Amino acid sequence: MSKNLTISLVTICILVFLFVYSRVKKEKMLFKHALLWWGLDIILLISIFSLKYLRSIADIMGIQEISNMIFLFGFVVVLAICLVLTMNVAENKNKIRQLTQELGILENKIRGIDNEKNKKDGHK
Amino acid sequence: MKVLVIIPAYNEGENIVNTVNSLKKIKLKEHKLDYVVINDGSSDNTKQTCLDNNLNFIDLSINLGIGGAVQTGYKYAYYNNYDIAIQFDGDGQHDASYIKELIAKINEGNDIVIGSRFIEELSEFKSTFMRRFGKNILSFLIKIFTGQKVCDPTSGFRACNNKVIEEFAKDYPVDFPEPDTITKIIKKGYKVAEIPVKMLPRTNGKSSITTNIFKPAYYMIKVSIAIIIAGLSTKKAGDNNE
């Protein structure tokens, strides 16, 4: 892998790490999601500095360039993160549905109590 | 026995009062018939109409889709200990005079009774060839997975007893839920029956399915897959007793 590519990848990793850290600090990202991105970051960094081992893994997998393998790996991890996020969306949608339903039922109950109270007040 | 009619309504401001009035005309001797309108985050005047006419309604602050709206009704029925719940469309297409028959069929020992548009040719509102074709595919899929023939799996006019109310209050699919739930319910060992009903033409507004050419095709694919998943994932009644 060329020196320039190594420097570019390391720079990207550091920037992503810092960006995710700043989001977590401002509570704009959940810690569990930050861990996913930091995990990806660390794996990429380890990969960049362990070329010897990567070479043999690339040979086993039939990939000619180590850089291709790193990108492939990154792509697979990003897909996995997308999958986790899709599941989170479904989970949140379910929670919103339940909250909306319970809120509606509660509001109906309160309206019923108010109506009865108004009727009683009207009779007085 | 306490009977609740669940009326999901999305932008049915023009129809909802007539729908509720048609229900109020039904007189039952042995049952107490209540209704609840579920305003599914309508953007028209449905909520205001319900308030002005003092209707019993639940206002969902965001649009949850038909499944979410109907499930709200089942939860309401469950929390208030209703014995029978009846789904009844807010657009005025369902004929309230069949409610007695639905209840009678539940009292015969069925857990869920579907008001079917296809058992007999009663309907003045003829459905298209494509609609029938689609319905046949869904019936066929349900037959494969449950062994029972359901003539009108997409009918939104159906009644169920308190056991099914509890099931639906706890678990109900969001989109186009009827065929999906029928598959699950039959597999769980509940008794499903059908009675022929007459459908009335819409008086106002548009149907949610037929406004677009692609929607029916998408509907068919989605519902077919949902039936297959429900058929494969729901354990048959008695499987746990081994």
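These figures come from a predicted structure and were not determined experimentally. By convention in this document, chain letters (A, B, ...) are assigned in the order of the sequence lines, proteins followed by strands, and residues within each chain are numbered from 1.
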Cation-pi between Arg111(A) and Phe57(B): NZ/CZ under 6.0 Å from ring centre and within 45° of the ring axis?
-> yes
Proximity breakdown for Asn54(B) and chain A, heavy-atom pairs closer than 4.5 Å = side chain
What part of Asn94(A) gets closer than 4.5 Å to chain B, counting heavy atoms only: side chain, backbone, both or neither?
-> neither
Pair Asp59(B), Asn39(B): side-chain N/O donor-acceptor within cut-off below 3.5 Å = yes
Can Asn15(B) and Glu12(B) be counted as having a side-chain donor-acceptor contact under 3.5 angstrom?
-> yes
Proximity breakdown for Leu60(B) and chain A, heavy-atom pairs closer than 4.5 Å = both
For Tyr79(B), is it the side chain, the backbone, both or neither that has a heavy atom under 4.5 Å from a heavy atom of chain A?
-> side chain
Hey, is NZ on Lys222(B) packed in by over 12 heavy atoms from elsewhere, all under 6.0 Å?
-> yes
Would you say the side chains of Asp34(B) and Tyr76(B) form a donor-acceptor pair under 3.5 Å?
-> no
Side chain / backbone / both / neither for Ile105(A) at chain B, heavy atoms under 4.5 Å | both
